[in-house]
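Computed from heavy atoms alone, side chains included, the values below leave out hydrogens, waters and symmetry copies. Naming: A, B, ... by sequence-line order, numbering from 1 per chain.
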Amino acid sequence: MDRLAELNPAQREAVRTLSGPLLILAGAGSGKTRVITYRMAELIRHRTPADRILSVTFTNKAAREMQERARLLLGKSLPKRPLVCTFHALCVRILRQEITALGYPADFAICDRGDQESLARTALRDIRVSEKNLRPGDLLSRISRWKMGGIHPEDARDHVENDFDFLAAAAYRKYQTHLRASASVDFDDLLFLTQQLFEGHPAALARHQSRFEQVQIDEYQDTNAMQFTLIEALVRPHKNLCVVGDDDQSIYGWRGAEVKHILAFPQMFPGTKIIRLVDNYRCTDQILELANTLVRHNRDRHDKRLVAHKTSTNSVRFQEHADEQIEAEQVVREIAWIIKTKNVEPGDVAILFRTNEQPRVFETELRRNKIPYVILGSMSFFDRKEIKDLLSYLRVFVRPEDEISLLRIINVPARGIGAGTVEKLVARAVQQGSRVWRVIPEMIAAGELSPNTSQALSAFRDLVERYQAKCAANPRRLATIVEELIAEIDYEAEIDRQYKEPAQQEMRAAMLGELVQAVTQYAERNGDPSLVGFLEESALTGRDEEGDKDDQLTERGVKLMTLHSAKGLEFNRVYLVGMEEGLLPHKRSIGDTESAVEEERRLCYVGITRARDFLTLTRAECRVKWGKRRMSIPSRFLAEMQGQQPTLTGIEAESETDGDDGE
DNA sequence: AAGGAGGGTTTTTTT
DNA sequence: AACCCTCCTT
């Protein structure tokens, strides 16, 4: 009956602290998700209207899960529900309502990483800078840093540190002009524009301040300055803010997250109550000991030592393999064996790695052994080329002035509108300050194009207009319309043309089916489906999992994911693979500052503490990179976590490879 | 305009 | 090895 009885005293106190600023420093496996879910329930029991509670999570998946748990805790028929979502989703909600004040249309589009890259390319071309001098990716991260620092394109010039920045500042202006012209925003804009809104439009801020009485933030260690500013503004009237996090698990520094936000929280909010959760209910003592010992090598942290509540023998093993191929073979062979002989479910096992290139070999092996598996958080569904092409069609149907999407699909599949024609169209549009879509009929009428080209353009125009009408007239039948579209443009033929391997062709074609399914599910889930709604959801959900069918596989299969995506999760058995210098810590952070290596160490810490009962750390003695074989040396973290001095010189730093096969 | 060959580049992590 | 861009042929 009394749910709080299940909690330990510290947890209970956290759950019962219902007003004022509250900082919960929650170590790995200390039940923090449970605590803030219970706290949400407790707020409602103490008569906070549910819809006046905002709970911010790090991923959409975490949001869904928390909503589900809260629903179970509170009973099914809660008339009003708390808002549980990510920062970005919160900003979208606010902006849909208020963005016209900033001169954007309310139905602005959210562009994805791929769109950002092509915009960055265009911007560089505009200022005649070769991509060799400034890579689009580097430009984007510079722009991101400016935006997260609250710096407008026009002011970027004043925040220049070197020649690259100088070019980047010019490109930033172009980039933003293009974005605005196509009524689109990027991910950073969602935060940036919301902050602009709050700063420049007090009435708008007041509307949203009065909307929430209680705010909770999970994974607070990964909050960046802009997110902090937003939340501070939002809770200013009441200061009912509860943040939960662990400084040892801060792994998003490269995205502007600053550990200092969690360390300095009590200074920012005087009167903060601090509660520490150091009891670990997840890992065995051996696993936790490893984690504790490792993370003590970091200087910039709250000193704490988690207390294990589970004992074990043989729950940790170290393995060395000749190369990454054998590493994968051995790990998968062992997984196959424990599934068969130990009655272990594939879903209890996770393989964690640092980079997205690592899972490939494991994937092949798992498939060969016929073990069900899922790759989570890697290249997502919505990142695939064929999906992006089709989504671009849909976006063009919503707004043909969306230049980014229009240019992506105007000749995909090839329909006789070549690069030359596109160039003419763009030139004309730029010259007239118009849009390619509007310029097309003019160009046809002017008779400057060859008959074939005019014909092709008219056909394209006709296609778009027909589907526009269809989607608008029949939003409930979106899925069927998408099927018709795929058939009409014969996208399957395009796939067969692009990919020669039958296996590839099959896989890519299956993706099309999944898109149709995603649309179907969206329409089922949503009382009032619309194309705009679907596109928004797909943009925000981005890398998250999607679909019920996938959820099943997610439950039942071996899970493969990066250490970053593993944050917040736990598994009975964890294989932490590729424990090598250059991979973990990653090469890009080694040459860098010491704090970069500290972040890698935290990443390793996160990996270790995902394991409940069994942890296996493996490394390969050599590894193929860019088609070339390279020797690798053991990660310094292996020595550190076993209480040894790091030996950066020798290959035989790791002597602790006991051959005990454990199980 | 389309498609293929050849050459150069690339991999950190993601809302 | 995989991807993208450029150039060349048709």
> Is A:Asn60 near enough to B:dT15 that one of its side-chain N or O atoms lies under 4.0 angstrom from OP1 or OP2?
Replying inline: no
> Just how far, in rounded Å, is C1' of B:dT11 from CD of A:Glu580?
Replying inline: 15 Å
>> Applying the 5.5 Å / 30° rule, does A:Phe87 stack onto the base of B:dT15?
In response: no
> Given atom NZ of A:Lys625 and atom C1' of C:dC3, what is their separation to the nearest angstrom?
Replying inline: 16 Å
>> By nearest atom, which of the nucleotides C:dC5, B:dT15, B:dT14 is closest to the A:Tyr252 side chain?
In response: B:dT14
> How far does the P atom of B:dT13 sit from the matching atom of C:dC4, given to the nearest Å?
Replying inline: 16 Å
> Between A:Trp626 and A:Asp188, who's closer to the 5' end of DNA chain B by nearest nucleotide?
Replying inline: A:Trp626
> Between A:Lys32 and A:Glu219, is there a salt bridge with N-O shorter than 4.0 Å?
Replying inline: yes
>> From C-beta outward on A:Arg360, which listed nucleotide comes closest to its side chain: B:dT14, C:dA2, B:dT11?
In response: C:dA2
> Among the nucleotides B:dT11, B:dT15, B:dT13, which one has an atom lying closest to any side-chain atom of A:Thr562?
Replying inline: B:dT13
> Which of the following nucleotides, B:dT15, B:dT13, B:dT11, is nearest to the side chain of A:Thr86?
Replying inline: B:dT15
> Going by an N to O cut-off under 4.0 Å, is there a salt bridge joining A:Arg368 and A:Glu365?
Replying inline: yes
>> Output the rounded distance in Å from CZ (A:Arg408) to C1' (C:dC4).
In response: 13 Å
> Of all the nucleotides listed (B:dT14, B:dT11, C:dC5), which has the minimum atom distance to the side chain of A:Arg255?
Replying inline: B:dT14
> B:dT14, B:dT15, B:dT11: which one has an atom nearest the side-chain heavy atoms of A:His88?
Replying inline: B:dT15
>> Using whole Å, what does the distance between atom C1' of nucleotide B:dT14 and atom CG of A:Leu376 come to?
In response: 14 Å
> In whole Å, what is the span from the NZ atom of A:Lys567 to the C1' atom of B:dT15?
Replying inline: 10 Å
> Whole-Å distance between B:dT15 P and A:Leu193 CG?
Replying inline: 20 Å
> Is a side-chain N or O of A:His321 found less than 3.5 angstrom from the main chain of A:Ala620, in a donor-acceptor match?
Replying inline: no
> Which of parallel (below 30°), tilted (30 to 60°) and perpendicular (above 60°) describes A:Phe58 and A:Tyr252?
Replying inline: tilted
>> So, using side chain to side chain donor-acceptor pair (under 3.5 Å) as the criterion, who are the partners of A:Asn224 when residues are at least two apart?
In response: none
>> Consider side-chain contact (heavy atoms from CB on, under 4.5 Å). Of A:Ile251, A:Asp248, A:Asp246, A:Val295, which one does A:Val606 pass it with?
In response: A:Ile251
> A:Phe58 near the nucleic acid: base, sugar-phosphate alone, or nothing, with a heavy-atom cut-off under 4.0 Å?
Replying inline: sugar-phosphate
> Rounding to a whole Å, what distance do you find between A:Asn224:CG and B:dT15:C1'?
Replying inline: 10 Å
> Of all the choices, B:dT11, C:dC5, B:dT14, which nucleotide is nearest to the side chain of A:Asn356 once you look at every atom?
Replying inline: B:dT14
>> In whole Å, I'd like the distance from the CZ atom of A:Arg121 to the P atom of C:dC4.
In response: 9 Å
> Using 4.0 Å as the upper bound for N to carboxylate O, is an ion pair formed by A:Arg255 and A:Asp222?
Replying inline: no
>> Output one letter per nucleotide in nucleotides 1-8 of chain B: B when a protein non-hydrogen atom lies under 4.0 Å from the base, S when only the sugar-phosphate is that close, - when neither is.
In response: SSS-----
>> Is the phosphate of B:dT14 approached by A:Ser565 (side-chain N or O, under 4.0 Å from OP1 or OP2)?
In response: yes
>> By nearest atom, which of the nucleotides B:dT15, B:dT11, C:dC4 is closest to the A:Lys385 side chain?
In response: C:dC4
> Who are the ring pair (Phe, Tyr, Trp, His ring centres under 6.0 Å) partners of A:Phe108, not counting sequence neighbours?
Replying inline: none
